[in-house]
2 protein chains.
Amino acid sequence: MPPELKIALADRARGGTRGRVYSALRDALVAGRLEPGRRLSENELAEWLGVSRTPVREALVRLRDDRLVEIVPQLGTFVSKISIAAVADAQFVREALECAAIRLAATRVTEAELLALQALIAQQDEARAAGDLDRFYLLDDGFHSALCESSGHAIAWTLVQRADGHLNRVRRLSLPVPEYMAEMIDEHRSVVAALAERDPDSAEAVLRHHLRMVLSGLQPIQAEHPEYFEQQPA
Amino acid sequence: MPPELKIALADRARGGTRGRVYSALRDALVAGRLEPGRRLSENELAEWLGVSRTPVREALVRLRDDRLVEIVPQLGTFVSKISIAAVADAQFVREALECAAIRLAATRVTEAELLALQALIAQQDEARAAGDLDRFYLLDDGFHSALCESSGHAIAWTLVQRADGHLNRVRRLSLPVPEYMAEMIDEHRSVVAALAERDPDSAEAVLRHHLRMVLSGLQPIQAEHPEYFEQQPA
DNA sequence: AACGGTGGACTAGTATGCAAGCGTGCCGCC
DNA sequence: GGCGGCACGCTTGCATACTAGTCCACCGTT
């Protein structure tokens, strides 16, 4: 575990120690390198990352706001198990914000932005062909980020990211299915097409359908990794 | 300044020192007791609140995520000035989330929840008659919170609150106008009426109009307190 | 053998100490 | 008188020390 974390840490020189620690831990959590249910320890993490407890603590507090970890005083810090309710919440938030954003974007997107979106899709296709999951994941994020930016409210993407911890873990677990990637790229194309026609209703409808695709992967994952999921109250 | 802070602190025994400090500071910021542009100091705040720098630091980091303060390394921490762009962002987020929530709520709200909403409105009317601004403000928050809860995604209200720092400061500054309160109560009644008829479109339209009312108070406030606002780049 | 109590080793929460950087005011120089 | 430079005091960032509380395993007793 330590080596991966150190790599992720080295990647991002920005934002001081605290920012690096937060990014490193968040990456590790979303990518599943720190599996749900696992117990963390501030001391352990601090040692792995080669920093003191202070920045680790501050990062963990932020991650708790993101619902990715649970901090139990005098007991320990735990990687949140994936909760169906939390996934539903995240999906709701994402739909609400991104759909509102794309309606705006449809009225104000520029040609340059449309070209940039198409370029991103092309890169996604390359990543799919190369089977590079991580790259595809990043490009997908970039696509949706660019979408929000075109609306003039980049804040939307910031919030989606922070609210989306549970959902992103599901995304990462479901990406390995190759045909999903092709389907997603097609839908991205449809979204951009609707944007190009400046049609808010159509753009919203297409995006909403696209966003709901993620959920289709949920049940198989739950069947495959039940230990990652919160037990439902009967 | 210290006395008000200590009072706010005493109010909330929940959540340990860190939670108390965060709540106290947030209240003071949103209520305008810590005016925009003011310079804060971790040492000063720690002394006022009777705790050490550590919980203050962690609270300030969260408040920076809320965009209520700006932390400049090696220089100081400042109360964010109200930024028109940030207000617009907050309004966008709030509309997107609350309107999505009320659409859901219209399909699943229970009779008991409708009664609770009506009870809140009645209390708002009392607060208005008594001229109790703080109480009215709290009841308004409670109303919108209950709305989100009825949608099954209480998380929406949590996010709205955290994203709404700038907007809430405007709300607090504009509340003193008495006729606004009466108008808001009327609109609350309309929202509940639309919910009672299980009409998502109408509920959303009414709520959206209601939420935009806040913005109508923006310009007079900017005229009255220009020093609270971020200078626009020409 | 089974149960109860006690001690140790862990946890997070908080407080404090040290390092590095920026702003400002003062003092000397031109 | 005006300007350049240095030094002091302030800031936050980070590391470390200490407190309080929980869990768990071991040991003594019944």
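First the proteins, then the strands, lettered A, B, ... as listed; each starts at 1. Predicted model, so just to flag it, every value in this text is computed and none were measured.
- Taking side-chain N and O atoms only, A:T17 has no distance below 4.0 Å to OP1 or OP2 of D:dG13.
- OP1 or OP2 of C:dA15 has not a single side-chain nitrogen or oxygen of B:T54 nearer than 4.0 Å.
- Look at CD on A:E44: it is 12 Å from C1' on C:dT11, rounded to the nearest Å.
- Rounded to whole Å, atom P of C:dA9 lies 19 Å from atom CD of A:Q74.
- OP1 or OP2 of D:dT12 has not a single side-chain nitrogen or oxygen of B:R57 nearer than 4.0 Å.
- The distance between atom CZ of A:R53 and atom P of D:dA17, rounded to the nearest whole Å, is 12 Å.
- B:S80 contributes a side-chain N or O that, together with a main-chain N or O of B:R67, makes up a donor-acceptor pair within less than 3.5 Å.
- Counting any heavy atom pair closer than 4.0 Å across all strands shown, A:L60 reaches no nucleic acid atom.
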side-chain hydrogen bond (donor to acceptor under 3.5 Å, both in side chains) assessment of B:H166 paired with B:D89: CA-CA 9 Å; B:H166 284 245; B:D89 279 350; over 6 Å; no
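- For A:P73, counting side-chain heavy atoms from C-beta on, the closest listed nucleotide (C:dA15, C:dA12, D:dG13) is C:dA12.
- Residue A:E47 contributes atom CD, which lies 13 Å from atom P of D:dA15 at whole-angstrom precision.
- When each of A:P55 and B:L40 is assigned the nucleotide of DNA chain D bearing its nearest heavy atom, the one mapping closer to the 5' terminus is B:L40.
- Between B:I71 atom CD1 and C:dG21 atom P the separation is 19 Å, expressed in whole Å.
- The side chain of B:S52 lies closest to C:dT16, out of D:dG13, D:dT16, C:dT16.
- Distance from the side chain of B:E42 is smallest to D:dG13 among D:dA15, D:dG13, D:dT11.
- Between C:dT11 and A:N43, a contact under 4.0 Å exists linking OP1 or OP2 to a side-chain N or O.
- Rounded to whole Å, the distance from CZ on B:R18 to C1' on C:dA12 is 9 Å.
- With hydrogens and angles disregarded, no donor-acceptor distance shorter than 3.5 Å links the side chain of B:S23 to the backbone of B:R20.
- Note that CD of A:E98 is 5.5 Å distant from CH2 of A:W157, once rounded to the nearest 0.5 Å.
- Using a 30° and 60° split on the angle between ring planes, B:H144 and B:H210 fall in the parallel class, below 30°.
- Nearest to the side-chain atoms of A:L75 among the listed nucleotides D:dA15, D:dT22, C:dG23 stands D:dT22.
- To the nearest angstrom, C1' of C:dA9 lies 11 Å from CZ of A:R39.
- Note: CZ (B:F78) to C1' (D:dC10) measures 11 Å, nearest angstrom.
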